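Because the structure is a prediction, the values reported are computed rather than measured. In what follows, residues are counted from 1 in the order of the sequence shown.
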Amino acid sequence: MTEAEIEISEGLVRELLREQHPDLAGLPIREVAGGWGNQMWRLGGELAVRVQRMDRGPESQLKERRWLPGLAARLPLPIPVPVRDGVPSGRFPKIWTVMTWVEGTPLDHGVITRGDHAADALAGFLKALHVAAPAEAPGSSDRGGHPAECTQGFEYFLGAVDLGGRFAEGEVRAVWEDAVAAPGWDGPRVWVHGDLHPANVVVADGTLAGVVDFGDVFAGDPAWDLAAAWLLLPEGGASRFFDRYGQADEGSVRRARGLAAMKSLFLMLMGQNGDRGLPGGKSNWGPAGRAALDRVLRGL
């Protein structure tokens, strides 16, 4: 059995806690649905155990351990904060982390009904996040480049997704090509979440209540986060978001809109894979991706 195939069960998580953090081992444990690179287990009422699963290396959790405590102190929405480290052992050969639990329902299983409030909350969160990062902050990896550097991925998603007659391929390409032609980011390297989509934010009382999964956090172009205006917010939310955010130039908006189109296609592909019973597919992401792409193409 390879490391990636090791079954992560409630019993294993409890054994790891007994070995390394015995004072937490008696708390109730339950699995949290979702996750790919890492698996989440709710620990008591206020904590969670983030266990490395499909990620090939520990880098994402190490970044979260290093940077999230400082970021959390100045962000207006809750984010998970590492509180205990788990190290590889004879029971489990990968790292794991105990983090604070962010209360709410993941947006891919919830809904935003207070659109104006959510737009304001997202704008306030990203405005607080998008400040100059220190020189030692991590750079981007597979995310973070100018759209011109991401055309191969866009073409793959566009070719793999069944648009179902709902969307015109030429209209999707036009949005992408405009992003590719947009000027690059020439501002300071700012903190960027890097992977904002409906499964990585939580909602409560009809609005945004928290942001999770900072495994891709990097310093660079904020357009990668600004794409969330179309991915997360209901119709009309993007316009209000950019008004409240107040610091996106034309080039950033164009790049963000193209990236939102690509990310929408990714959500649609994951949904399509789920409908077909393929590994890793998530059927509930399909409707979210189609709704987001509709907003992108209509400029809403």
Side-chain angles (χ1 to χ4, degrees), residues 37-38 50 55 57-83 97 99-100 102 104 107 118-147 149-150 179 182-202 208-233 238 241-260 262-263:
N38 296 278
R50 186 165 168 82
D55 281 353
E59 291 77 17
S60 65
Q61 284 199 38
L62 293 177
K63 284 196 295 183
E64 290 178 328
R65 291 178 184 181
R66 170 68 177 86
W67 298 105
L68 293 195
L71 291 175
R74 58 178 178 76
L75 294 175
L77 288 175
I79 68 171
V81 178
V83 295
T97 306
M99 314 183 81
T100 56
V102 178
L107 182 55
D120 294 350
L122 180 62
F125 178 85
L126 291 183
K127 194 169 184 177
L129 177 64
H130 292 167
V131 299
E136 64 271 23
S140 59
S141 54
D142 59 333
R143 295 181 176 90
H146 189 282
E149 302 171 19
C150 306
W185 174 247
D186 61 0
R189 297 169 73 247
V190 301
W191 282 113
V192 180
H193 177 283
D195 196 24
L196 288 177
H197 60 69
N200 286 343
V201 299
V202 297
L208 288 180
V211 178
V212 298
D213 196 346
F214 281 74
D216 288 304
V217 68
F218 66 87
D221 181 2
W224 279 82
D225 284 351
L226 301 181
W230 292 279
L231 292 174
L232 305 180
L233 300 174
F241 165 82
F242 282 108
D243 284 345
R244 297 299 188 272
Y245 180 77
Q247 55 193 42
D249 58 23
E250 178 188 1
S252 294
V253 175
R254 291 167 61 192
R255 294 193 307 279
R257 189 173 175 226
L259 292 168
M262 181 174 69
K263 289 168 179 269

*Asks:* Minimum heavy-atom separation for L77 and G210, please, with both atom names.
*Replies:* CB-CA, 4.3 Å
*Asks:* Can you tell me how far the CG atom of L71 sits from the CH2 atom of W191, to the nearest 0.5 Å?
*Replies:* 5.5 Å
*Asks:* How long is the gap from CZ on R255 to SG on C150, to the nearest 0.5 Å?
*Replies:* 11.5 Å
*Asks:* Where is the tightest heavy-atom contact between A199 and V212, given as atom of each residue plus distance?
*Replies:* O-CG2, 4.2 Å
*Asks:* For the CZ atom of R254 and the CG atom of D249, what is their distance to the nearest 0.5 Å?
*Replies:* 10.0 Å
*Asks:* Assess the side chains of S140 and R143: does a donor N or O sit below 3.5 Å from an acceptor N or O?
*Replies:* no
*Asks:* Within a strict 4.5 Å, meaning less than it, do heavy atoms of the Q61 and R50 side chains meet?
*Replies:* yes
*Asks:* Flag yes if more than 12 heavy atoms outside E136 fall under 6.0 Å of its CD atom; otherwise flag no.
*Replies:* yes
*Asks:* Got F218 and W224 here, is their nearest side-chain heavy-atom distance under 4.5 Å?
*Replies:* yes
*Asks:* What is the minimum heavy-atom distance between A229 and F242, and which atoms define it?
*Replies:* CB-CE1, 3.8 Å
*Asks:* I need the minimum non-hydrogen distance between L226 and S252, along with the two atoms involved.
*Replies:* CD1-CB, 4.2 Å
*Asks:* Looking at OG of S60 and CG of N38, how far apart are the two atoms once the value is rounded to the nearest 0.5 Å?
*Replies:* 4.5 Å
*Asks:* Heavy-atom distance under 4.5 Å between the side chains of L196 and V211, does that happen here?
*Replies:* yes
*Asks:* How about E64 and D213: do any of their side-chain heavy atoms sit closer than 4.5 Å?
*Replies:* yes
*Asks:* Can you tell me how far the CG atom of D221 sits from the CG atom of D186, to the nearest 0.5 Å?
*Replies:* 10.0 Å
*Asks:* Pairs under 3.5 angstrom only: tabulate donor-acceptor contacts from the side chains of residues 122-134 to other protein residues two or more places apart or in another chain.
*Replies:*
residue : atom : partner : partner atom : Å
H130    : ND1  : L126    : O            : 3.4
H130    : ND1  : Y245    : OH           : 2.8
H130    : NE2  : D225    : OD2          : 2.9

*Asks:* To the nearest 0.5 Å, how far apart are CG in D216 and CD in E59?
*Replies:* 11.5 Å
*Asks:* Which heavy atom of A72 sits nearest to which heavy atom of V81, and what is that distance?
*Replies:* CB-CG2, 3.5 Å
*Asks:* Show your reasoning for whether side chain to side chain contact (heavy atoms under 4.5 Å, CB included) applies to T100 and V83.
*Replies:* CA-CA 7 Å; T100 56; V83 295; 4.0 Å; yes
*Asks:* Please find the pair of heavy atoms, one from A182 and one from G251, that lie closest to each other, and give the distance.
*Replies:* CB-O, 3.9 Å
*Asks:* Are P82 and R66 side-chain neighbours, meaning at least one heavy-atom pair lies under 4.5 Å?
*Replies:* no
*Asks:* Would you call W230 and R257 a side-chain contact if the rule is heavy atoms closer than 4.5 Å?
*Replies:* yes
